[in-house]
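Reading through the structure tokens given below for one structure.
The structure presented is a predicted model; accordingly, all values stated were derived computationally and were not measured.
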Amino acid sequence: MTSSRPELSIVIPAFNEERRLARSLELIRAFIASRHIRAEVLVVDDGSTDDTAKVVERSQVHFPELQLVSNGRNRGKGFSVRHGMLTAKGEIGLFTDADLSAPIEEADKLLAVLREGAFDGAIGSRAINRGMIDVHQSLSRELAGQVYNGIVRCIAGLPFRDTQCGFKAFCLDKAREIFEQQRTHGFGFDPEILLLAQKKGLRIAEIPVHWAHDPASKVNVVLDSVRMLRDLIAIRWNDLLGRYSSPR
């Protein structure tokens, strides 16, 4: 008997994405159709004040795999990803940014690694092969990202060269616990879930992906860098206090 469980859940955190979301959803719909896979797509509306929800509802007319999940109010990207991944029913959960800075076709690389069975998670990386960056960020943004990743490696003890690429996939049966234990609600959540994965013994592959910076990015290089550094210190403190040892 064929399982009705989706093979893939795609989670898209969205805050005020009415201008970019419709095109991204159409690209994802075409990707799913071309790969002939059972999938669900969850847009997590993070308290948007624009027509993000209406864009999703209009797209649902011809996209039955699409679901709208609401946070009720603005809670942050990390909270949105956590909400979506814990709601997801697929064998594999992949989260991606609403602007598809990493083209959805790059998911083929992550899914292939997970389907081989040697890894429990696969994360997109811009740092392994910078020649695959099709549109670069400003020099200040790129330098800030490289410095932050160096700090992550020192403070959290993570081996990855790019923790912040918003394109990550996990085998959900094994990874659900890390999202249950995740505490960080803002942009600094990525090192936390990777640290939790490492502590739980999950095997994570870092995969080079094509990526293009979107000038409409909502990340503020100064304010969000400070917040992410604060989150990183909190993550390390939580780890030292043993707060990741038992389910929340």
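In this view, D231 satisfies the salt bridge (charged side-chain N to carboxylate O under 4.0 Å, His left out) rule with no residue, not counting sequence neighbours. Looking at residues two or more places apart in sequence or on another chain, you find no salt bridge (charged side-chain N to carboxylate O under 4.0 Å, His left out) involving E57. Not counting sequence neighbours, F167 has no partner by the ring-ring contact (aromatic ring centres under 6.0 Å, His included) test.
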Verdict with reasoning, R58 to V55, per side-chain contact (heavy atoms from CB on, under 4.5 Å)
CA-CA 5 Å; R58 287 195 295 266; V55 170; 3.6 Å; yes

CA sep, side-chain torsions, deciding dist, call: D214, R20, side-chain contact (heavy atoms from CB on, under 4.5 Å)
CA-CA 10 Å; D214 186 340; R20 302 190 291 185; 2.7 Å; yes

So V152 and L194, side-chain contact (heavy atoms from CB on, under 4.5 Å) or not? Walk me through it.
CA-CA 11 Å; V152 168; L194 294 174; over 6 Å; no

Apply side-chain contact (heavy atoms from CB on, under 4.5 Å) to V209 and L110, showing your working.
CA-CA 9 Å; V209 294; L110 276 58; 4.1 Å; yes

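Residue pairs meeting the side-chain hydrogen bond (donor to acceptor under 3.5 Å, both in side chains) criterion with at least one partner in residues 109-124, sequence neighbours excluded, are E106-K109, D120-K174, D120-R203. Listed by first and then second residue, the side-chain hydrogen bond (donor to acceptor under 3.5 Å, both in side chains) pairs involving residues 148-160 are N149-T163 (not counting sequence neighbours). Screening residues 28-37 for salt bridge (charged side-chain N to carboxylate O under 4.0 Å, His left out), with sequence neighbours left out, gives E26-R29, R35-D108.
The main-chain N or O of K89 is found under 3.5 Å from a side-chain atom of E40 such that the two form a donor-acceptor pair. Looking at E206, its side chain does come within 3.5 Å of a backbone N or O of D162 through a donor-acceptor pair. Distance alone, capped at 3.5 Å, places no donor-acceptor pair between the Q198 side chain and the L158 backbone. Remark: the backbone N or O of S4 is not paired with any side-chain donor or acceptor of R38 at under 3.5 angstrom. A donor-acceptor pair under 3.5 Å is formed between the side chain of T52 and the backbone N or O of E17. D50 contributes a side-chain N or O that, together with a main-chain N or O of E18, makes up a donor-acceptor pair within less than 3.5 Å. Checked by atom type and distance alone, the side chain of R82 pairs as donor or acceptor with a backbone atom of F179 at under 3.5 Å. Looking at N16, its side chain never comes within 3.5 Å of a backbone N or O of S48 through a donor-acceptor pair.
Other residues, nucleotides and ligands contribute more than 12 heavy atoms inside 6.0 Å of the CZ atom of R130.
A heavy-atom distance below 4.5 Å is not found between the side chains of D45 and V56. Here the side chains of D173 and E91 are not in contact, with every heavy-atom distance at 4.5 Å or above. Q164 is listed as a side-chain neighbour of R126, based on a closest heavy-atom distance under 4.5 Å.
Residues Y244 and R183 approach most closely at CE2-CD, 4.0 Å, considering heavy atoms. A pairwise comparison of heavy atoms in K77 and G166 identifies NZ-CA, 4.4 Å as the closest pair. The two atoms that bring S70 and H83 nearest to each other are O-CE1, 3.3 Å, heavy atoms only. The nearest pair of heavy atoms linking I207 to A122 is CG1-CB, 4.4 Å. The two residues A88 and L42 come nearest to each other via the heavy atoms N-CD2, 4.1 Å. Across all their heavy atoms, I104 and L27 have their closest contact at CG2-O, 4.0 Å.
The aromatic rings of F95 and F189 are tilted relative to each other, their planes meeting at an angle between 30° and 60°.
For the atom pair CG (L8) and CD (E65), the distance works out to 11.0 Å, reported to the nearest 0.5 Å. Taking CD1 from I92 and CZ from F170, the interatomic distance works out to 12.0 Å, rounded to the nearest 0.5 Å.
The pair K200-E177 meets the salt-bridge criterion, since a charged nitrogen lies less than 4.0 angstrom from a carboxylate oxygen.
Hydrophobic clustering keeps V44 apart from F63 (ILVMFWY residues linked when any side-chain heavy atoms are closer than 4.5 Å, directly or through intermediates).
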